[in-house]
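Bear in mind that the values here come from a model prediction, so they are computed numbers and not experimental data.
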Amino acid sequence: DVSFARPVSIGDVVTFSAQVVYTGADEGGGGLASVFQVRVETEIIHLQTGMRRLSNEFHFTFVARDAADRDRLAPLPMPPVRPTTYREGMLWLDGRRRMLDAVRFGREGKSLMFSSA
């Protein structure tokens with residue numbers, strides 16, 4: 001379920017840009033190497049004027065699974081994210097906080113989508 005902070009009018013174009021901003025690879029074990037945080041930014045483009053406006057920002061936490069292991073879908077470690085700019089560094093910090101919150105939330109049994117196995 002996705003809600004937009006700004007309305008999208010008929011004739012506008014919506015673009016989605018996604019970026020992996022953090023992975024659990026930097027957490028030093030604890031089974032988090034396969035957990036990662038994705039930031040999605042949506043932008044509305046008014047075709048007649050070319051004006052672009054940020055509509056929303058979404059944050060998702062995923063667990064990478066090995067599709068080749070169809071019986072168990074074993075966790076698949078992700079490579080670490082290495083920020084190279086100040087902005088990427090800020091996204092990395094925010095992604096880390098959000099990922100750890102989501103993992104804690106899942107371990108407390110408050111999420112049907114998280115499995116600690």
Side-chain angles (χ1 to χ4, degrees):
D1 188 29
V2 174
S3 299
F4 288 88
R6 295 189 183 199
V8 179
S9 301
I10 294 174
D12 287 348
V13 172
V14 179
T15 62
F16 293 80
S17 299
Q19 176 183 13
V20 175
V21 293
Y22 189 80
T23 69
D26 291 321
E27 293 303 318
L32 296 178
S34 62
V35 181
F36 61 103
Q37 179 70 209
V38 176
R39 178 181 174 272
V40 180
E41 188 174 279
T42 61
E43 195 174 51
I44 300 170
I45 304 169
H46 189 271
L47 288 180
Q48 293 175 344
T49 64
M51 186 170 76
R52 296 173 165 263
R53 296 184 322 171
L54 180 65
S55 170
N56 242 354
E57 185 178 298
F58 308 100
H59 301 269
F60 299 98
T61 302
F62 296 101
V63 176
R65 302 283 185 178
D66 186 355
D69 184 5
R70 292 184 185 265
D71 294 331
R72 296 180 338 139
L73 287 177
L76 187 65
M78 297 287 295
V81 172
R82 299 289 183 234
T84 58
T85 65
Y86 178 81
R87 182 175 187 277
E88 288 176 356
M90 293 295 99
L91 292 173
W92 185 91
L93 285 171
D94 184 56
R96 180 178 190 270
R97 179 186 59 80
R98 289 175 185 276
M99 188 199 81
L100 293 175
D101 284 349
V103 167
R104 184 177 62 251
F105 190 75
R107 286 186 176 159
E108 291 172 357
K110 297 178 182 174
S111 171
L112 298 175
M113 302 302 291
F114 185 85
S115 171
S116 59

In Å and rounded to the nearest 0.5 Å, what is the CD to CD distance from E88 to Q19?
6.0 Å
How far apart are the closest heavy atoms of M78 and A64, and which atoms are they?
SD-CB, 3.6 Å
P75 side chain near R65 side chain, heavy-atom distance below 4.5 Å
yes
Closest heavy-atom pair and its distance - P79, A25
C-CB, 4.2 Å
How many angstroms lie between atom CE of M99 and atom OG1 of T61, to the nearest 0.5 angstrom?
7.5 Å
Any chance you could measure Y22, atom OH, to L32, atom CG, to the nearest 0.5 Å?
8.0 Å
Could you tell me whether the side chain of T42 and the main chain of N56 form a donor-acceptor pair under 3.5 Å?
yes
Can you establish whether the number of heavy atoms outside Q48 located under 6.0 Å from its atom CD is more than 12?
no
Do L47 and I44 share a hydrophobic cluster, counting only Ile, Leu, Val, Met, Phe, Trp and Tyr and linking them when any side-chain heavy atoms are less than 4.5 Å apart?
no
Identified side-chain contact (heavy atoms from CB on, under 4.5 Å) counterpart of H59 within the set V40, D94, D101, V38
D94
Spacing of R52 atom CZ and E43 atom CD [to the nearest 0.5 Å]:
4.5 Å
Under the side-chain contact (heavy atoms from CB on, under 4.5 Å) test against L91, which residue among T85, V21, V81 passes?
V21
With rounding to the nearest 0.5 angstrom, report the CZ to CZ distance, F60 to R39.
12.0 Å
Are the charged groups of E27 and R96 less than 4.0 angstrom apart, N to O?
yes
Could you give the distance from CG (D12) to CD1 (I45), rounded to the nearest 0.5 Å?
9.0 Å
What orientation do F58 and F16 show, parallel under 30°, tilted 30 to 60°, or perpendicular over 60°?
parallel
